[in-house]
Amino acid sequence: MKAAVLYELNQPVVVEDIEMEGPKEGEVVVKVAATGVCHSCYHAVTGKISYPLPVVLGDEGAGVVEEVGEGVTLVKPGDHVILSWVPSCGYCIYCTQGYSHLCLKARQSERGCLFDGTTRYKKNGTPIHHYAWVASFAEYTVIPQESAIPIDKEIPLDKAALIGCSVTTGFCAATNTAQVRPGSSVVVFGTGGIGLNAIQGAAVAGAEKVIAVDLLDTKLEMAQQLGATHTINASNLDPIPEIQSLTDGLGVDFAIEAIGVNVTYDQAIRALRPRGKAVWIGVPEREPLSLEPGILAGERMVMTSTYGSARPRDDMPRLLALYRAGVLKLDELISRTYQLEEINEAFDDLLNGEVARGVIQF
Ligand SMILES: [Zn+2]
Ligand SMILES: [Zn+2]
């Protein structure tokens with residue numbers, strides 16, 4: 001079967017035929033219908049996220065269950081599923097406390113492998129790893145049944161795919177991690193796939209002011225379509241005084257960082273009013289961040305967000321219900337579709353800020 005494999009850092013991804021083994025106990029094979037091109041996969045290309053190589057990339061997909069291994073009870077062949085990059089076990093301390101996005105069994109597993117510590121892909125005898133449990137840049141993927149979230153067959157799979165990463169990570173960072181309240185003020189730094197969805201989440205949660213900050217006017221226009229009430233192009237100015245003047249000099253209730261650079265981690269804190277909460281979603285740099293501790297005085301809070309603090313099995317169907325009700329915008333997010341062979345071009349468009357979301361369709 002055809003897959004997009006990363007062999008070497010900072011090199012183009014290779015689209016080629018690789019061998020795939022059938023599912024072992026508790027695993028399912030999904031025929032991938034569509035997969036979003038997510039920045040976190042590109043972080044694996046540059047090494048910002050370190051992953052064992054070679055690896056089949058792709059962390060945002062949906063498809064149809066083709067085959068199930070022994071002992072699978074959660075899905076059956078023919079089911080339509082979103083691929084969750086956290087296969088929550090249901091019984092570890094985090095799952096039982098309601099934080100299934102932090103599932104210990106998933107976190108303690110060997111990176112790039114399935115639960116038994118091996119992979120189902122290889123080429124010329126060399127094992128190829130699975131990216132983030134999902135590995136959706138491939139015609140078929142083998143995943144733990146816990147990563148297969150069944151959905152209504154009427155939902156178009158290219159829209160459902162987006163729920164697998166960017167929508168859940170961004171939207172739920174606003175609704176679940178930050179817990180944006182009606183009438184509150186929110187700033188979102190970075191309007192890529194994740195940031196745009198954080199903006200949607202804040203708007204749907206009833207924020208009065210949703211301020212989008214980016215360096216590209218084209219992306220700020222997309223932000224307005226998804227619910228931003230104000231935009232700031234920060235390419236030539238410090239956005240903090242602007243944010244303060246939009247919030248009666250107080251700063252915002254919630255500041256969401258969706259880029260992953262120290263400059264905006266710092267700005268997210270400086271944008272806060274007392275009791276305000278900064279939520280860092282972006283994949284962090286490895287450089288230390290220098291911080292004057294007093295900047296947090298007045299009970300300001302900082303929290304990171306993993307997968308939008310979402311419980312995939314609960315939140316993903318809810319997000320689809322919001323889509324069906326016309327509240328959550330998914331169609332508008334897809335700016336361009338690609339063939340798998342065009343994956344490197346899709347990464348270039350992502351880096352140039354030309355797309356809200358690029359989606360590969362099979
Ligand atoms: Zn992603
Ligand atoms: Zn668990």
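Note that this is a predicted model, so its numbers are computed, not measured. Read the numbers this way: they start at 1 and go in the same order the structure lists the ligands and their atoms.
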Original post:
Counting backbone and side-chain atoms alike, does Cys41 have an N/O/S atom under 2.8 Å from the Zn ion (ligand 1)?
Top reply: no

Subject >> Side chains of Arg273 and Ser185 in contact at under 4.5 Å (non-hydrogen atoms) >> reply: yes

Original post:
Relative to the Zn ion (ligand 1), which of the N, O or S atoms in Asp59 is the closest?
Top reply: OD2

Subject >> Heteroatom count (protein N, O or S) under 2.8 Å of the Zn ion (ligand 2) >> reply: 4

**OP:** Could you tell me whether Tyr51 and His129 have their ring centroids closer than 6.0 angstrom?
**Re:** no

Subject >> Of Thr169, Asn176, Thr177, Thr168, the residue whose pairing with Ser309 passes side-chain hydrogen bond (donor to acceptor under 3.5 Å, both in side chains) >> reply: Thr177

Original post:
Partners of Asn10 by side chain to side chain contact (heavy atoms under 4.5 Å, CB included), sequence neighbours excluded?
Top reply: Thr46

Original post:
What residues, two or more places apart in sequence or in another chain, satisfy side chain to side chain donor-acceptor pair (under 3.5 Å) together with Lys31?
Top reply: none

Subject >> Opening angle between OG in Ser40 and SG in Cys38, taken at the Zn ion (ligand 1), to 10 degrees >> reply: 80°

Subject >> Aromatic ring proximity, centroids under 6.0 angstrom, Trp133 and Phe115 >> reply: yes

Subject >> Residues in side chain to side chain donor-acceptor pair (under 3.5 Å) contact with Ser290, at least two apart in sequence or another chain >> reply: none

